[in-house]
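Working notes, beginning with the structure itself.
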Amino acid sequence: MCGIVGYVGKRKAYPVLIKGLHRLEYRGYDSAGVALLSNQHRLNVYKSQGKVSVLEDTAHNQDLSGNIGIAHTRWATHGEPSHRNSHPHTSRSGRLAMVHNGIIENYAELKQLLLDAGYTFKSDTDTEVVVQLIEYLQESLQLSFVDSVQKALQKVVGSYAIAVLDESEPDTLVAARKGSPLVVGVGDDELFLGSDASPIVEYTNRVIYLEDEDMVVLQAGFTTSEPKITLMTIHGEAKEPNIQQVTMNVSELEKGGYDHYMLKEICEQPHSLRCCIESAKQSLTPQTIELLNANRILITACGTSWHAGLVGKYAIEQLARLPVEVEHASEFRYRQPVISKGDIVVAISQSGETADTLAAIELARREGAKVLSICNVVGSSIPRASDAVVYTMVGPEIGVASTKAFTAQVAVLMMMALRLGHARGKLDEPLYTALTTEMDELPSKIESAIRQRESIRRMAQTLSFAQSCIYMGRGYNYPVALEGALKLKEISYIHAEGYPAAEMKHGPIALISQEMPVVTIAPQGSIYDKLVSNVQEVCARHGRVMAIVTEGDTQVSKMADSIITIPKVSECLSPIVTIVPLQLLSYYVACIKGCDVDQPRNLAKSVTVE
Ligand code: AGP
C-alpha cells in the first residue's frame, strides 16, 4: 500500500506534507514525492526514489512555497521502485499532478485509448494513465477540473485513493476513494487529507472517513471565507459530510524514547493488552457471542493475523466445542469455498485494509454469511464491511512487524472462546472463572518475559549467524512457532520455518546441523512430555536448541543450549506470553544484523493490493 497526504489552508503546505509522509512511511517507502501550487500559482513537483528523507534532500533548495499540496510515499505495485515511477505523476501538459494508492485493473485498455490519441507515457504505472485520462477528458470534452476527474473515475475499474491538483485552478484539491482508504481532516481555516488519521491528528481530531466512490473538493478560502469542503459521489450526487472525532493522539505516534517503533510496541504490550482486555469485556456483548454461536466459524486473515486465527481455532474448538476453520484470505477468496447461512466468518486484521481479507469477507457476505471482524484501526474498510466488529484498541501499530496487535488478537479470540464455551454450557463455572481471572494477570506475565531482554539479546547473538532455522511447537504453541518464524524472516531476512514439533521426524529433521538452530516453544502443559521427546530427537543429531520454557523447568532446559523462561501460564493462554521472547529475539537479531527494523525491505504495514 502507499501513503497519501494533502493540505489546503493557512499554513505553508510543504512542512505539513513532509511530516505527514513520515507518519505514513510505514505504508511504503520505495519512493516519495510532493506537488505544490506555489504562491505564483505554479505547479512544482519534486520526487525521488527511496525514503522521505531522500525527498527532503532533493527538494530542500527548491521553491517550496504554497498553501496547497499533495504528497505520496510508495510501495511499488505497477512499475519497479524508481524515480520515473514515483508519484506524483503529471499529465502531458504538466498542468495536472496526481498521487494514487491502489490498483487500476483496466489501465492497459485506458492506456491504449490514450496512445491511440497520441499520448506518450513517462512511467510504467497505472497512476500515470489516470492523470493523463483526466487531462484528455478535460481537453476533448471541454470539462471543468472537477467534472473531468469525475468522468475519468467513472471509466476506471479497480481500487484507488487519489488526490489531484490542477495548475489552472490554484485554490482546489480534488480527492476520491474506492477500495483504498482516505480521510479528510477538518481544521480551523485548513483542511487535510490522509490515507489514515495519523498525519492529521496533531492538527485536528475532526475527521471525515470517505466512503467508496466518494469524491471531495477542498478549496482554499484565501480570498473569501475559510476553506470549503464539497462532498459528492463520482456520479455527481451531493453528500453531507459526516464529521467524526478521532480518538488517536500524537504521543501514540512517537517512538517514546525507544530506538524503534517495534521495540516500543513490544514493550508496551502489558499496557496495550490491559486496554484490549478491558475494551473487549464491553464489546463482547451477549449479542456478539450469540452471533458467534453458529454451526461453524470460518476465520480468514493474512500473515500474523492468520497465526492469531489458528490459536483461536484451538481455543474455540477446545473450550466451546464449536467447529472452526482457518483460511488464508488470499486462498479463501478464490477457491469457491462452501459457505452456508449457518456459518459466521471472522475476519482478523490489524490495519483493516488488507485487500485479500476485505475481498474474502465481501465474498462471505455475498454467500449469505454474517461477518464479524477483529480489527485495530477504527473506521477502516474491513470493519465497515462487517456486520459486527471487536476492536483490539491497542493504539497505532507503526512497526511493519506486527507485535502488540497479535497478542491483542489472541486475547480477543480467547475471550470469545471462553464466553462462547460458557454460553454453550461446554465450560464449567470454575474453569471459566479461573481462566477469565488469569486473563487479567497476563500483562504482568508479559512484563516478566520482557525483563529477560538481556538473555534474549545473548540468544540473538548466536542466532544472527544462522542462514536458516526452524521454530517448533505443539498445540497452542504451534501457531506461535509459525509467528516466531515470520518475525525473524521479515525483519532479519534469515530464512525460518515454523513446524509442529512432531512433524520434524517426517522430513525436516534431515536438516538438523550445528549451523541450523532449532527454536522450540516448550512451556509446561498437557503435551510437554511429547515435546521433550522432540527436543531429544534434535539433540541426538547434534542440533542446537534454543528453548522458551516455564520457570523451574527441569527437562528441556537441561538439553537446550540456551533458554528463556516465562512464568507459569495456562496452556490455552500461553501464546500471549510465549510469543513475546520470540518478538524480542527477532528484534535483536535484526538490530545485530543492521537491518531496518521498522521498515524492512520489500514490505509495507498493510497490503492493500492483492
Ligand atoms: C506481520 O508482521 C506482517 N506485517 C504481515 O504478515 C501482516 O500481519 C499481514 O499483512 C496482515 O495484515 P493485517 O493484520 O493488517 O490484515
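Position 1 is the first residue of the sequence, and the numbers go up from there. Indexing begins at 1, ligand by ligand and atom by atom, following the structure's order. Just so it is clear, the values below take in all heavy atoms, side chains as well, and ignore hydrogens, waters and symmetry mates.
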Residue [X] vicinity, atoms of ligand 1 by number, heavy atom under 4.0 Å:
X      : result
Ser305 : 8 (O), 13 (P), 14 (O)
Lys487 : 1 (C), 2 (O)
Ser402 : 1 (C), 2 (O)
Thr304 : 1 (C), 2 (O), 6 (O), 8 (O)
Ala401 : 2 (O)
Val400 : 2 (O), 3 (C), 4 (N)
Thr354 : 12 (O), 13 (P), 15 (O), 16 (O)

Worksheet entry | Heavy-atom nearest option to atom 15 (O) of ligand 1, drawn from Ser351, Ala301, Cys302 | Ser351
Discussion item. To check your reading of the model: name the closest protein heavy atom to atom 10 (O) of ligand 1, its residue, and the distance in Å.
Written reply: Val607 CG2, 4.3 Å
Fill in: Nearest protein heavy atom with distance in Å, relative to atom 2 (O) of ligand 1
Glu490 OE2, 2.4 Å
Discussion item. Would Thr357 count as a contact residue for ligand 1, given that I'm defining contact as a non-hydrogen atom of the residue lying under 4.0 Å from a ligand atom?
Written reply: no
Between the side chains of [X] and [Y], is a donor N or O closer than 3.5 angstrom to an acceptor N or O?
X      : Y      : answer
Gln350 : Ser402 : no
Glu353 : Ser381 : yes
Ser198 : Asp196 : yes
Glu483 : Gln583 : no
Asn376 : Thr392 : yes

Discussion item. Measuring from atom CG of Leu210 to atom CG of Asp212, what distance do you get when rounded to the nearest 0.5 angstrom?
Written reply: 10.0 Å
Practice prompt. Sort out for me which residue in His100, His72, Arg74 forms a side-chain hydrogen bond (donor to acceptor under 3.5 Å, both in side chains) with Thr127.
Written response: His100
Worksheet item: Honestly, is Arg601 close enough over Tyr493, meaning NZ or CZ under 6.0 Å from the six-membered ring centre and within 45° of the axis?
Response: yes
Worksheet item: Side chain, backbone, both or neither: which part of Glu353 has a heavy atom under 4.0 Å from ligand 1?
Response: neither
